[in-house]
Amino acid sequence: SLSLSLSSMGRHRENGQDRRQRRATKQHKKKRAAEKEAAKIKDKESAEHEDDIEAILAEIVKESRAKQTTGSKSELIEGAPSPRSSTQLVAHPTKDELLLFGGEHIVGTKTYTYSDLFVYTIGKDKWKHVQVPEGPPPRSGHQALACPRGGGELWLFGGEYTSPSGSQFRHYNDLWVLHLESMEWEEVKVKGAPTARSGHRMVLMKRKLVVFGGFHDDCRKAPRYFNDLHVFDLDTRTWAQLKFPAIIPTPEPRSGFQFVSPGDTALLFGGYSRTRVKGEVYKGEVHTDMWQLKCEEVPADALEADPPTAAAAKKAAPQDVAFDLKWAWSRVRPSGDAPSQRCGASMVLRGTSAYSFGGVCDQETEDALEGDFYDDLFVYAVAAKKWKEVTMRSRSKADSKQAVVDWVTKGTSKKQKRKGQARLGEEDLEAKAAPPAAAAAATATATASATDDEVSPPPRINAAMAVKGNTLYLLGGTFEIGNRLVTFTDMYALDVVKLNGWVQLHDNDQRTREWLEEESSSSESSEDEEGDD
């Protein structure tokens, strides 16, 4: 893999997005070793040129609602949504569609955080921007999932907003649901929600939202990483926090991990966390452990007929029962060819197979942060508890990475860059007029016309992934070239049954190459309007 030296720039909050602060801190140490408050000074200087973050958010919400009228509006767009990472791509529970909400795009000295909603129609290979009034404010690092209740619901929890200068941060602990049949947002305001956070993960188990981990860092207090477990019942609309006895092993605090739920269990893998060494010195840790969360119904005779007294409840503080379900963590030791140590990878579940793509392994020293980015795909078989790397014909990893570097830094033409791109044949084009399911299958199984040079997604972190039928979809994410972030807008599909190669549905465009240096930070970008959608 390609090792890149990461130098100064704003704060890139990887995996739940805290990588930016680690790199900025090291650069400050290198330049101003004698100044203990160097990192804070930079944030304060940037913040002087913008309003308080709460005022910024209030103005964004005000302007957004002023543009919108009752009822949703849809507008077809060319290509894929704007470049973004730390977003959420979710398969529609009842239609051949994918849903995309939020995310962020760092363009040098300016950060765009989105609150836009997009719908991708699989059979037509078309994106549309859907404006729904009074929805969640802009965010990234959030979690979203869909369920078929009531014609389809999209549930969203938490995340964070980054101010345009990248110097202020606001974490959320709000819960929203988008009713897909009526396309109306609803904020679910109930007591007992987890504290504000991003980089957490959320899965659906037994008609319940299960939220674990994440982190909170607003640059005002020391960063905190979580390992608390919260459950939200979709029927009663109530929150409960699970508390386990201290003697029972549980996962350590972390963010940016992988979390999927095959049936009545959930699997947790990897992640990243930092612990304080002394003063403002923190030590980072990339986790490689795997855990299983299991829930099972509690027999009726084991449940107390009457609620315990306050004294009894206090004495029995650890509580592993919620909504008549008993919850338990256990360590999993998988076999096979597991991914190398990394964080920022993306994972999605199909049946009882979990697919993991990309990520980065950081080599951290006192003065520098270097990252090895990956573009490999692994599958974990839940029943067999075994990892396996997914192999298929593709160009070499070095070529895949170098194509991005050349295109961004040297302006290599799109034609040259896409030399090995997969193309749809005549039969596939005819299939596009067929019903959505047939057209989707044809699109996902199209192969490259070249025999030895097929397309593959470049290496990246924080990409969005979803599965519909046999097809895995991958969109966006971030790569780094020196001190420069490359945020993708490309989109790929892979038939995980046939494994006959990736198909590139949408390519990157010129927005991926945008970058504002310090001296040009006052200039306006064409994306100013997009961040307020």
Side-chain angles (χ1 to χ4, degrees), residues 88-93 96 98 122 143-148 201-206 210 212 251 256-271 287-295 330-359 374-394 437 440-441 443-445 447 456-457 460-475 477 491-503 505:
Q88 287 285 285
L89 184 66
V90 180
H92 194 295
D96 286 323
L98 303 178
I122 295 174
Q143 283 288 282
L145 57 82
C147 62
R201 295 294 182 262
M202 181 172 74
V203 296
L204 183 66
M205 295 174 64
K206 287 185 175 291
V210 180
F212 178 82
F257 49 95
Q258 301 174 67
F259 199 38
V260 294
S261 177
D264 296 339
T265 64
L267 285 173
L268 181 155
F269 177 66
H287 300 276
T288 58
D289 51 347
M290 179 177 281
W291 294 79
Q292 176 181 261
L293 176 65
K294 197 170 184 178
C295 70
S330 61
R331 184 72 183 269
V332 179
R333 304 187 185 281
S335 61
D337 183 15
S340 59
Q341 186 181 53
R342 65 187 67 185
C343 50
S346 303
M347 178 175 276
V348 69
L349 183 73
R350 178 187 174 273
T352 58
S353 297
Y355 292 86
S356 176
F357 178 87
Y374 298 99
D375 59 356
D376 42 13
L377 179 68
F378 289 83
V379 59
Y380 178 74
V382 176
K385 298 182 179 180
K386 187 174 183 179
W387 281 104
K388 179 182 178 181
E389 183 171 5
V390 178
T391 58
M392 64 195 88
R393 286 186 304 138
S394 67
T443 300
T445 58
T447 57
S456 64
R460 64 191 71 196
I461 59 174
N462 297 336
M465 287 208 307
V467 164
K468 191 70 174 178
N470 295 336
T471 307
L472 183 155
Y473 296 90
L474 183 146
L475 178 142
M491 183 177 182
Y492 296 83
L494 173 68
D495 188 313
V496 295
V497 175
K498 296 183 178 179
L499 291 178
N500 52 1
W502 289 96
V503 174
L505 302 176

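All figures in this text were calculated on a predicted structure; none of them were measured in a lab. In this chain, numbering begins with 1 at the start of the sequence shown.
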Exercise. Can you check side-chain contact (heavy atoms from CB on, under 4.5 Å) on Tyr355 and Leu474, steps first, answer last?
Worked result: CA-CA 11 Å; Tyr355 292 86; Leu474 183 146; over 6 Å; no

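- A pairwise comparison of heavy atoms in Ser346 and Ala463 identifies OG-O, 2.7 Å as the closest pair.
- Between the CD atom of Gln258 and the CZ atom of Phe357 there is a distance of 12.0 Å, given to the nearest 0.5 Å.
- For the pair Gly263 and Met205, the tightest heavy-atom approach, listed with the atom from each and the gap, is O-CG, 4.4 Å.
- Under the 3.5 Å distance criterion, the side-chain polar atoms of Arg342 are matched with a main-chain donor or acceptor of Gly358.
- Annotation: the span from Lys206 atom NZ to Ser261 atom OG amounts to 10.0 Å, rounded to 0.5 Å.
- Side-chain contact between Pro262 and Leu349 is present, with heavy atoms from C-beta onward closer than 4.5 Å.
- In this structure, CZ in Arg331 is found 10.0 Å from CE in Met290, a value given to the nearest 0.5 Å.
- In terms of heavy-atom proximity, Leu505 sits nearest to Ala493 at CD1-CB, 3.9 Å.
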Exercise. Under the side-chain contact (heavy atoms from CB on, under 4.5 Å) criterion, do Arg350 and Val497 qualify, and how do the steps go?
Worked result: CA-CA 11 Å; Arg350 178 187 174 273; Val497 175; 3.7 Å; yes

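- When all heavy atoms are compared, the tightest approach of Ile461 to Gly359 is CG2-C, 3.5 Å.
- Only one option out of Val496, Asn500, Leu494 pairs with Lys498 in a side-chain contact (heavy atoms from CB on, under 4.5 Å); it is Asn500.
- Nearest approach of Val203 to Leu145, heavy atoms of both residues: C-CD2, 3.5 Å.
- The main-chain N or O of Val382 is never found under 3.5 Å from a side-chain atom of Thr352 such that the two would form a donor-acceptor pair.
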For this session: Go through the steps to decide whether Leu499 and Val390 satisfy the test side-chain contact (heavy atoms from CB on, under 4.5 Å), and finish with yes or no.
Result: CA-CA 8 Å; Leu499 291 178; Val390 178; 3.6 Å; yes

Exercise. How far apart are the C-alpha atoms of Tyr380 and Val260, what are their side-chain angles, what is the distance that settles it, and do they pass the side-chain contact (heavy atoms from CB on, under 4.5 Å) test?
Worked result: CA-CA 11 Å; Tyr380 178 74; Val260 294; over 6 Å; no

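- Distance check, rounded to the nearest 0.5 Å: OG of Ser356 to CE of Met465 gives 6.5 Å.
- With values rounded to the nearest 0.5 angstrom, Leu267 atom CG is found 9.0 Å from Lys385 atom NZ.
- The one candidate from Phe257, Trp291, Phe269 that meets the ring-ring contact (aromatic ring centres under 6.0 Å, His included) condition with Phe212 is Phe257.
- In this structure, the separation between CE on Met347 and CG on Leu268 is 9.5 Å, given to the nearest 0.5 Å.
- Met202 and Gln143 get closest at one heavy-atom pair: N-OE1, 3.0 Å.
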